[in-house]
Amino acid sequence: MRSARVRYGVRAFVAAVGCAGIAAFTAGQAYADEGSDVGGNYVALGDSYTAGPLIPMQNGQPAACLRSDHNYPSLVNAALHSSSFKDVSCSGSTTKDMFSSQTATGNPPELNAVTEHTDLVSLGIGGNDIGFSDIILTCAVQSPTKPLGAGCRDYYNRTGKDEIAQRIDATKAKVVAVLEAIDKRAPDAKKLVVGYPTILPDSGPGCFPVIPFSPGDVAYLRQTTKRLNSMLADAADEGGAEFVDTYHSSIGHDVCKLPGTKWVE
């Protein structure tokens, strides 16, 4: 164990990025708490909401991870003046890819970057475990079939139970397992679980047909995002991490806003 610890406090750790597998635009801010020591070793783990696909400039290997040098880990690193920074986030990552190489990109297990010398770890994961991209694409097909109803909600509840809610509930243990693995590799590190931002408007009917979700499905998907974030907050608590809420700080920057205002594409 090191004789001196670097203590991290993060007042705001804000990110807004596009859906997994879809071209994205991001805006982020990161601030260290007043009086916090900075300059330690920071490792960023996560999926495309962390990596920032197609945000200039794309950098790092493998290139298929679509990782940006202006994603929120990069901004946090710049604010904290970290002595060492490893961003191993990768588009399409699931909790499984924390432990093993990602088949689609060849990205090594993300947890390989975490060592006993790591002081801060941020983790943004879970969306792909529930099938975020497939959900968006499926809803884009199902929702227009019931513009006055909720075709997407009906599709995922066709068995009498909410399939997406079940996926979310099942993902909690997987996120906790990742946090426990971080503890084994870096027992002294501060752990941050970064939630997902506002995607659809936080209130109102949405913007059908520009975004092809009926008002009923906008409400359903809005609650689904909130349920996902709630699960992540619970997982963070159980895994001894701090949950970072990016949902509320990104309200008003959803996909229905004009370019320059929206943070999600």
Side-chain angles (χ1 to χ4, degrees), residues 15 17-22 24 45-51 53 89-100 102-105 107 109-111 123-143 145-146 149-181 193-200 202 206 211-214 216-239 241 243-247 250 254-255 264:
V17 296
C19 296
I22 301 175
L45 314 174
D47 57 23
S48 67
Y49 277 79
T50 302
S89 60
C90 192
S91 296
S93 285
T94 67
T95 51
K96 179 181 178 181
D97 299 315
M98 303 298 105
F99 299 92
S100 58
Q102 187 179 355
T103 303
T105 65
N107 197 44
E110 293 190 23
L111 281 168
L123 173 67
I125 204 69
N128 292 323
D129 286 81
I130 72 168
F132 233 155
S133 294
D134 287 341
I135 290 168
I136 295 299
L137 295 174
T138 297
C139 289
V141 172
Q142 296 294 330
S143 193
T145 66
K146 298 181 180 180
C152 176
R153 180 197 64 200
D154 294 346
Y155 176 84
Y156 283 110
N157 285 267
R158 62 192 183 279
T159 63
K161 296 182 179 180
D162 190 329
E163 180 181 337
I164 300 178
Q166 290 178 315
R167 294 181 191 176
I168 291 172
D169 293 344
T171 300
K172 178 182 174 181
K174 300 176 184 179
V175 177
V176 172
V178 175
L179 294 172
E180 291 174 344
V193 174
V194 183
Y196 290 90
T198 304
I199 302 172
L200 294 164
D202 186 57
I211 301 299
F213 304 143
S214 66
D217 281 332
V218 167
Y220 170 66
L221 292 171
R222 177 190 300 136
Q223 290 306 311
T224 295
T225 302
K226 291 181 177 180
R227 185 183 185 106
L228 174 61
N229 279 327
S230 178
M231 177 276 289
L232 291 172
D234 289 344
D237 185 63
E238 185 172 328
F243 178 69
V244 183
D245 177 7
T246 66
Y247 183 93
S250 58
D254 54 79
V255 294
V264 181

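This chain uses plain numbering: 1 for the first residue, then up along the sequence.
- For the side chain to side chain donor-acceptor pair (under 3.5 Å) test, no residue two or more places apart in sequence or in another chain qualifies with E180.
- When all heavy atoms of F213 and V218 are compared, the closest pair comes out as O-CG2, 3.7 Å.
- Note that CZ of F243 is 11.0 Å distant from CG of L123, once rounded to the nearest 0.5 Å.
- Under the 3.5 Å distance criterion, the side-chain polar atoms of S48 are left unmatched by any main-chain donor or acceptor of G92.
- When side chains are defined from C-beta on, S93 counts as touching I125, because their heavy atoms get closer than 4.5 Å.
- When side chains are defined from C-beta on, C139 does not count as touching D217, because their heavy atoms never get closer than 4.5 Å.
- In this structure, G149 and S214 approach most closely via the heavy-atom pair O-OG, 2.8 Å.
- Scored by the side-chain contact (heavy atoms from CB on, under 4.5 Å) test, Y155 finds T138, Q142, R158 as partners (sequence neighbours excluded).
- By the side-chain contact (heavy atoms from CB on, under 4.5 Å) test, A241 is found to be paired with L179, K191, V193, A236, residues two or more places apart in sequence or in another chain being considered.
- Summarising the geometry, atom CG belonging to L45 is positioned 8.5 Å from atom OG1 belonging to T50; distances are rounded to the nearest 0.5 Å.
- No side-chain heavy atom of S143 sits less than 4.5 Å from a side-chain heavy atom of P212.
- Between S89 and A51, the shortest heavy-atom contact is OG-CA, 3.3 Å.
- Within a 6.0 Å radius of NZ in K96, other residues, nucleotides and ligands contribute 12 heavy atoms or fewer.
- Taking every heavy atom of both residues into account, L111 and A181 meet most closely at CD1-CB, 3.7 Å.
- Counting only residues at least two apart or on different chains, the side-chain hydrogen bond (donor to acceptor under 3.5 Å, both in side chains) pairs with a member in residues 168-178 are D169-R227, K172-E238.
- Judged by distance alone, the side chain of T145 and the main-chain N or O of V141 form no donor-acceptor pair under 3.5 Å.
- Counting heavy atoms from C-beta on, the side chains of V175 and L232 come closer than 4.5 Å.
- Looking only at side-chain heavy atoms (C-beta outward), I164 and L228 stay at 4.5 Å or farther from each other.
- A donor-acceptor distance shorter than 3.5 angstrom exists from the side chain of S250 to the backbone of T198, with no hydrogens or angles considered.
- Between L200 and the choices D254, V255, T224, the side chain to side chain contact (heavy atoms under 4.5 Å, CB included) rule is met once, by V255.
- Note that SG of C90 and CG of N128 are 10.0 Å apart. Values are rounded to the nearest 0.5 Å.
- Residues G127 and D47 share a closest heavy-atom pair of N-OD2, 4.0 Å.
- Under a 3.5 Å cut-off, the side chain of N229 and the backbone N or O of D245 do not form any donor-acceptor pair.
- Taking the salt bridge (Lys or Arg N to Asp or Glu O under 4.0 Å) definition, one finds that D154 meets it with K146, sequence neighbours left out.
- The aromatic rings of Y156 and Y220 lie parallel to each other, with less than 30° between the two planes, well short of the 60° mark.
- Atom CG of D97 and atom CD of E110 lie 7.0 Å apart (nearest 0.5 Å).
- Using the six-membered ring where Trp is involved, Y49 and Y196 have ring planes that are perpendicular, over 60° apart on the 30 and 60° scheme.
- Within the 4.5 Å cutoff, the side chain of K226 has heavy atoms near those of the D202 side chain.
- With sequence neighbours excluded, no residue forms a salt bridge (Lys or Arg N to Asp or Glu O under 4.0 Å) with D237.
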